[in-house]
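Have a look at the structure below before the remarks.
When reading the values below, keep in mind they use all heavy atoms of this one structure, side chains included, and skip hydrogens, waters and symmetry mates. Note that this is a predicted model, so its numbers are computed, not measured. Numbered from 1 within each chain, the chains take letters A, B, ... in sequence-line order.
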Amino acid sequence: MKISILDDYHDTLRTLEVFEKLAGHEVTVWNDHVQDADALASRLADAEVLVLIRERTKIRKALLERLPRLKLISQRSVYPHIDVADCTRLGIVVCSSQHPGTPSYATAELAFGLIIAAMRDLPRQIDSLKAGGWQAGVGRTLRGKTLGVFSYGRIGAVVAGYGRAFGMRVVAWGREASRERARAEGFAPAASKEAFFEECDIVSLHMRLVEATRGIVTTRDLARMKPDALLVNTSRAPLIEPGALVAALKAGRPGMAAVDVYEEEPLLDIRHPLLDLPNAICTPHLGYVTRDEYEVQFADVFDQITAYAAGAPINVVNPEVLKNARQ
Amino acid sequence: MKVSILDDYHDTLRTLEAFRKLAAHDVTVWNDHVQDTDPLAQRLKDAEALVLIRERTKIRAPLLERLPRLKLISQRSVFPHIDLDACTRQGVVLCSNQSFSRPSYATAELTWGLVIAAMRDIPLQMASLRAGQWQAGVGSTLRGKTLGIFGYGKIGAVVAGYGKAFGMKVLVWSRDASRARALADGYAAAKSREAFFAESDVVSLHLRLIDATRGIVTAADLARMKPTALIVNTSRAPLIEPGALVAALRAGRPGKAAIDVFEEEPLRDTGHPLLNMPNVVCTPHLGYVTREDHEIAFAEIFDQINAFAAGKPINVVNPEALGKRK
């Protein structure tokens with residue numbers, strides 16, 4: 001089949017062991033990021049299979065209607081960036097493993113790395129050393145501090161475990177089910193959402209972005225945080241009310257943030273207010289971006305292609321399409 | 001007593017709760033770093049007690065001979081920067097607690113922060129984002145990789161625990177006594193020194209610097225490391241043979257380093273090769289530099305001053321100096 005892969009920024013996929021799964025197919029890899037429908041329609045004119053890396057490119061109706069040969073979109077995890085109803089109408093199968101049970105350890109590790117980087121002011125200290133200034137200030141020890149995990153899902157549970165190994169007091173918040181699970185695994189839930197934001201030295205967000213969680217962290221929540229507290233977001237930017245984080249950091253509660261996710265990605269606007277704040281550490285959505293994580297994820301994505309090609313598609317998110325799928 | 005404190009770079013000590021222990025004394029705090037004998041002798045000419053922060057300033061005989069009023073040096077941990085014989089000769093008592101049971105969690109935590117920062121290229125990725133370039137490359141996951149702990153002492157044991165919690169295979173290389181402790185704690189010991197360096201994806205050094213450990217990591221050790229491997233040094237620079245690390249990184253084995261300690265500290269030479277290599281993350285000896293660890297360390301250091309002032313000195317390193325100077 002003719003397979004097109006979008007947004008492989010560093011041409012990493014060809015170097016993975018799992019790329020061998022595509023042997024026998026005709027594969028085209030695009031390394032730059034393009035969102036314009038004309039340019040995408042031209043690039044994908046012959047594609048029978050489209051491989052997406054996370055939510056990097058939006059696949060909307062206007063584009064889908066210009067891709068007459070497309071039969072399959074293969075990707076992994078959630079798909080707010082795909083017009084699935086239009087795929088179904090046009091006879092395009094969407095396969096997306098929801099990887100039950102396997103947390104993204106890469107994301108959990110990055111979240112913890114950002115916690116230490118922020119508590120020890122590593123970026124500023126590194127810059128100070130490179131400028132001949134030696135030390136730039138005094139950091140803080142994690143041991144004994146309170147780590148808040150909001151909420152206790154797959155990744156949150158892993159981060160909570162890291163906190164415990166570092167001698168931190170771990171507190172969970174989230175829906176009743178996630179608080180129950182935290183309690184069952186030996187982590188105390190907070191008494192209330194207010195108490196959670198007030199007592200935590202570090203709050204790390206670990207939630208899916210769905211309608212119920214959009215803007216779930218409010219201006220008032222952030223204002224309850226301590227002046228020396230840290231907020232970490234490696235999940236999704238819109239979990240926090242629009243504009244609330246920048247305003248909160250300017251007001252000094254919380255005192256610091258470490259952010260891996262943005263409203264618009266890729267973030268190419270160097271004037272974005274978070275990038276200018278001295279008390280914010282910003283990374284370019286690196287959560288899942290490790291070679292090891294790619295091996296795991298693209299094994300799933302490529303297996304979906306192989307299964308489809310063999311006439312036995314797996315992880316189909318729009319099974320009703322199979323009645324009138326394009327041949 | 002007249003107490004002088006050197007090298008408090010960020011005027012942090014006054015803001016510690018432990019500082020109240022000095023309430024009865026006349027305290028002078030110096031924030032800049034000075035090593036020349038003349039200005040130090042001038043600054044300390046009236047000092048009766050001298051507080052040192054780690055090994056930041058060397059206290060040698062020519063300086064000690066010019067400090068007639070000095071009775072006490074109060075600090076913590078090892079003292080290769082102090083001429084102990086000269087202190088004793090001059091009747092200056094050195095108090096330095098070395099029997100602390102609590103490991104430096106601040107150093108262990110920094111080590112872990114450097115491991116993740118290097119494996120995920122955080123400084124480079126941040127710079128790329130700020131330059132409007134979005135991502136700069138693809139990192140590595142720790143889970144499933146091999147963490148090599150060289151020196152299973154107090155800090156090494158804590159870092160090994162972090163590695164275990166992160167789902168890494170932990171491999172220990174250490175002297176016989178501490179190797180037995182590592183095995184008892186459930187970690188694997190490397191079959192040989194060669195295997196230790198060849199198999200580890202991350203090697204972290206946790207050794208004291210003494211004659212037996214100076215240059216203990218050799219060019220040959222580093223050359224055995226994988227091109228994708230990372231070496232982390234939050235202990236002391238001279239544990240690695242002079243020049244071996246820079247040469248090894250240039251040769252590509254190991255592929256990366258994260259370094260908190262340097263031959264000369266404070267390092268102010270911006271031309272230092274380690275500061276100018278894209279595959280190296282360097283921090284300015286931050287291991288012990290946290291507010292919480294300062295509270296613990298300076299509570300002890302100030303207790304030593306009060307005990308001395310009360311005529312009941314504690315943690316005395318050179319008891320033969322006691323009573324020589326009034």
Side-chain angles (χ1 to χ4, degrees), chain A residues 9-10 12 33 104-106 108-110 112-117 119-123 125-145 158 161-162 164-167 265-270 272 275 281-286 289-294 296, chain B residues 9-10 12 15 33 105-106 108-110 112-117 119-123 125-126 128-145 158 161-162 164-167 228 265-270 272 275-276 281-286 289-294:
Chain A
Y9 301 148
H10 305 287
T12 307
H33 174 71
S104 167
Y105 290 104
E109 291 177 8
L110 179 76
F112 217 81
L114 290 176
I115 288 171
I116 302 177
M119 294 296 271
R120 303 303 280 273
D121 230 346
L122 291 187
Q125 296 279 10
I126 290 168
D127 287 349
S128 175
L129 178 59
K130 283 193 169 171
W134 196 234
Q135 295 173 1
V138 176
R140 284 183 304 146
T141 305
L142 296 183
R143 190 177 181 82
K145 296 236 160 37
V158 174
Y162 297 162
R164 176 149 65 187
F166 273 68
E265 295 185 6
L267 172 60
L268 302 174
D269 174 10
I270 59 172
H272 189 289
L275 300 187
I281 291 181
C282 298
T283 48
H285 206 158
L286 302 177
V289 183
T290 71
R291 172 166 292 277
D292 318 79
E293 188 74 19
Y294 274 25
V296 172
Chain B
Y9 300 149
H10 305 289
T12 307
T15 69
H33 174 71
Y105 289 107
E109 291 177 6
L110 178 77
W112 209 250
L114 290 176
V115 168
I116 301 178
M119 295 298 263
R120 302 303 280 272
D121 264 330
I122 288 177
Q125 295 280 8
M126 287 182 66
S128 176
L129 177 60
R130 273 201 303 257
Q133 305 281 314
W134 196 235
Q135 295 172 1
V138 177
S140 300
T141 305
L142 296 180
R143 188 181 174 82
K145 298 227 163 54
V158 173
Y162 297 162
K164 184 173 159 187
F166 273 69
T228 52
E265 295 184 3
L267 172 59
R268 301 202 182 271
D269 173 12
T270 58
H272 191 290
L275 300 188
N276 293 283
V281 176
C282 293
T283 48
H285 207 157
L286 301 178
V289 183
T290 69
R291 174 165 289 277
E292 294 78 4
D293 277 46
H294 274 12

Report task. With side chain to side chain contact (heavy atoms under 4.5 Å, CB included) as the test, would you mind laying out the steps for V289(B) and L110(B) before giving the verdict? Result -> CA-CA 10 Å; V289(B) 183; L110(B) 178 77; over 6 Å; no
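With hydrogens and angles disregarded, no donor-acceptor distance shorter than 3.5 Å links the side chain of E293(A) to the backbone of S104(A). At least one donor-acceptor pair under 3.5 Å links the side chain of Q125(B) to the backbone N or O of G137(B). A donor-acceptor pair is defined here as one N or O able to donate and one able to accept, closer than 3.5 Å; such a pair exists between the side chain of Q125(A) and the backbone of G137(A).
Chain B forms the most heavy-atom pairs under 4.5 Å with one residue out of G133(A), G161(A), G139(A), and that residue is G139(A). The choice from K145(B), K164(B), H272(B) that makes the most heavy-atom pairs within less than 4.5 Å of chain A is K145(B). For the set L114(B), L267(B), V115(B), the entry with the most heavy-atom pairs within less than 4.5 Å of chain A is L267(B). For the set D121(B), D269(B), T12(B), L142(B), the count of heavy-atom pairs under 4.5 angstrom toward chain A peaks at L142(B).
L275(A) has its side chain out of reach of D269(A): every pair of non-hydrogen atoms, C-beta onward, lies at least 4.5 Å apart. At least one side-chain heavy atom of E109(A) sits less than 4.5 Å from a side-chain heavy atom of R120(B). The closest side-chain heavy-atom distance from F166(B) to I116(B) is below 4.5 Å.
Heavy-atom distances place no part of H33(A) under 4.5 Å from chain B, backbone and side chain included. Of the atoms belonging to V158(B), not a single heavy atom falls under 4.5 Å from chain A. Using a 4.5 Å cut-off between heavy atoms, P123(B) touches chain A through its side chain atoms alone. Both the backbone and the side chain of P266(A) come within contact range of chain B, judged by heavy atoms closer than 4.5 Å. Residue contact with chain B, scored on non-hydrogen atoms closer than 4.5 Å, involves the side chain of Y9(A) exclusively. Heavy atoms closer than 4.5 Å to chain B are found in both the backbone and the side chain of A106(A). Interface remark: A108(A) contributes no atoms to any contact with chain B (heavy atom separation under 4.5 Å). Only the backbone of A131(B) comes within contact range of chain A, judged by heavy atoms closer than 4.5 Å. With a 4.5 angstrom heavy-atom cutoff, L129(A) touches chain B via backbone and side-chain atoms both.
Separation of atoms NE2 (H285(B)) and CH2 (W134(A)) is listed at 7.0 Å; rounding is to 0.5 Å. Atom NZ of K130(A) and atom CG of N276(B) lie 7.5 Å apart (nearest 0.5 Å).
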